Amino acid sequence: MLQGKQTWKFENRPVIIGAATVVGPDEGDGPLAADFDLVHPELDMQQKSWEKAERLLLEQASEFALNNAGIAKEQLQFYVGGDLMNQIISNSFAARTLGVPNIGVFGACSTSMESLALASLMVNSGAGQYVIAATCSHNCTAEKQFRYPTEYGSQKPPTAQYTVTGAGAAVVAASGEGPVVEYATIGKVVDLGIKDPFNMGAAMAPAAVDTIQAHFNDTGRTPKDYDLIVTGDLASVGHPLAKELLMRDGVPMDDTTFKDCGLMVYDVNRQKVQAGGSGCGCSAVVTYGHILKKVAKGELKRVLICATGALLSPLSFQQGESIPCIAHAVAISGGKE
């Protein structure tokens, strides 16, 4: 099942039998609005704190994913998830509500594909018949934890990104109808010494490049084997850098459609989102809300999602540390051999 140095090949072809996304008002005002299961008109979602609002996103996305999969929560064996909050509290409290054995994970904004990779590994190995993978983020919780509270009104440079308010969940099963998870390439931590927390795209781009190249080396595939390759949240600064680095290394990215979830979820020319989207919810809502629908319709036959994450904390930044980054990639096909 290990193929090459860092890629899992899923011979038993685990299936995503149901997925769902729940987002906030800015995401509902973006170009992918029609692909989301639920759009909240207000950021607070009638909750008493931003953290409770984020938790609600994750609980609702999980519930909708189960409904879309046509199974009850009692049929789940495991819940794999995480978020950006300290001690991944959104995931822990949502798992408490769901009442399913929980495995909490953290890969910063790469958590969506990290959790999907682990859920697929469990199902492929027979460790579970039904496993749900889920993650979330909220603009106001992330701002409060990593920068300044939104209410403070702090200005941001154009390289900064706008944390997606949203959650995505996917139910992975041993059999059924839906997109198939073919491969997962687990990334290495890459750190080129960038210390600016307002330039996450540039910090994460080398990690995305490293994982994408590792995927091609391990699987023998090339960009033209995919109808679409997306990075997680490199946005308008990091995504062009990633393409430039890949092309410099001889990877022909012009042979496929190469996009970024942080640029897909918003209209960066119209919405006030700085360089584009970021956060655990970024690649989750784009993948589970938009891309999987296109795969299910046959509009995309095979896709590679490379979610990216910056592994800093407020403490490490305050102590002058650089920003280590990671990226995890998952290959998904339409389900037919």
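The structure displayed is predicted, hence computed values, not measured ones.
Checked against ring-ring contact (aromatic ring centres under 6.0 Å, His included), Tyr79 has no partners two or more places apart in sequence or in another chain.
Remark: the backbone N or O of Ile186 is not paired with any side-chain donor or acceptor of His328 at under 3.5 angstrom. Judged purely by atom type and a 3.5 angstrom limit, Asn68 uses its side chain to pair as donor or acceptor with the backbone of Ala19. In this structure, Asn91 contributes its side chain and Gly104 its backbone to no donor-acceptor pair below 3.5 Å. In terms of modelled atom types and a separation under 3.5 Å, the side chain of His40 and the main chain of Glu42 share no donor-acceptor contact. When atom types are taken as modelled, the side chain of Thr287 and the backbone of Ala284 share no donor-acceptor pair closer than 3.5 angstrom. Not a single donor-acceptor pair under 3.5 Å links the side chain of Thr185 to the backbone N or O of Thr7. A donor-acceptor pair under 3.5 Å is absent between the side-chain atoms of Glu321 and the main chain of Leu312, judged by distance alone. Under the 3.5 Å distance criterion, the side-chain polar atoms of Thr159 are matched with a main-chain donor or acceptor of Phe198. Looking at Asn139, its side chain does come within 3.5 Å of a backbone N or O of Thr163 through a donor-acceptor pair. Although no hydrogens or angles enter the test, the distance criterion places a donor-acceptor pair under 3.5 Å between the side chain of Thr97 and the main chain of Phe93.
Heavy atoms of other residues, nucleotides or ligands lying less than 6.0 angstrom from CD of Glu177 number 12 at most. Crowding of Glu11 atom CD: a count of heavy atoms from other residues, nucleotides or ligands under 6.0 Å exceeding 12. The number of heavy atoms from other shown groups lying within 6.0 Å of NZ (Lys293) is above 12. Applying the 6.0 Å contact sphere to CD of Gln75 captures more than 12 heavy atoms from other residues, nucleotides or ligands.
For the residue pair Asp227 / Thr257, no side-chain donor-acceptor distance below 3.5 Å is found, with atom types taken as modelled. Judged by distance alone, the side chains of Gln161 and Asp233 never bring a donor and an acceptor atom under 3.5 Å apart. Thr231 and Asp260 share a side-chain donor-acceptor pair at under 3.5 Å. In summary, the side chains of Ser283 and Ser112 do present a donor paired with an acceptor at a separation below 3.5 Å, with no hydrogens or angles considered.
Ring geometry for His215 against Tyr183 counts as perpendicular: the plane angle is over 60°, on a 0 to 90° scale with 30° as the lower cut. Using a 30° and 60° split on the angle between ring planes, Phe216 and Tyr226 fall in the tilted class, from 30° to 60°.
When the options Asn269, Val268, Val273 are evaluated for a side chain to side chain contact (heavy atoms under 4.5 Å, CB included) with Gln271, the one that passes is Val273. Glu51 pairs in a side chain to side chain donor-acceptor pair (under 3.5 Å) with only one of the listed residues (His138, Lys144, Gln145), which is Lys144.
Taking each heavy atom of Ala327 and Ala207 in turn, the nearest pair found is CB-O, 3.6 Å. Closest approach of Glu27 to Phe36, counting heavy atoms only: O-CE1, 3.6 Å.
Under 4.0 Å is where a charged nitrogen must lie from a carboxylate oxygen, and between Lys9 and Asp218 no such pair does. Ion pair Lys243/Asp254 flagged as a salt bridge, since at least one NZ, NE, NH1 or NH2 atom sits closer than 4.0 Å to an Asp/Glu carboxylate oxygen.
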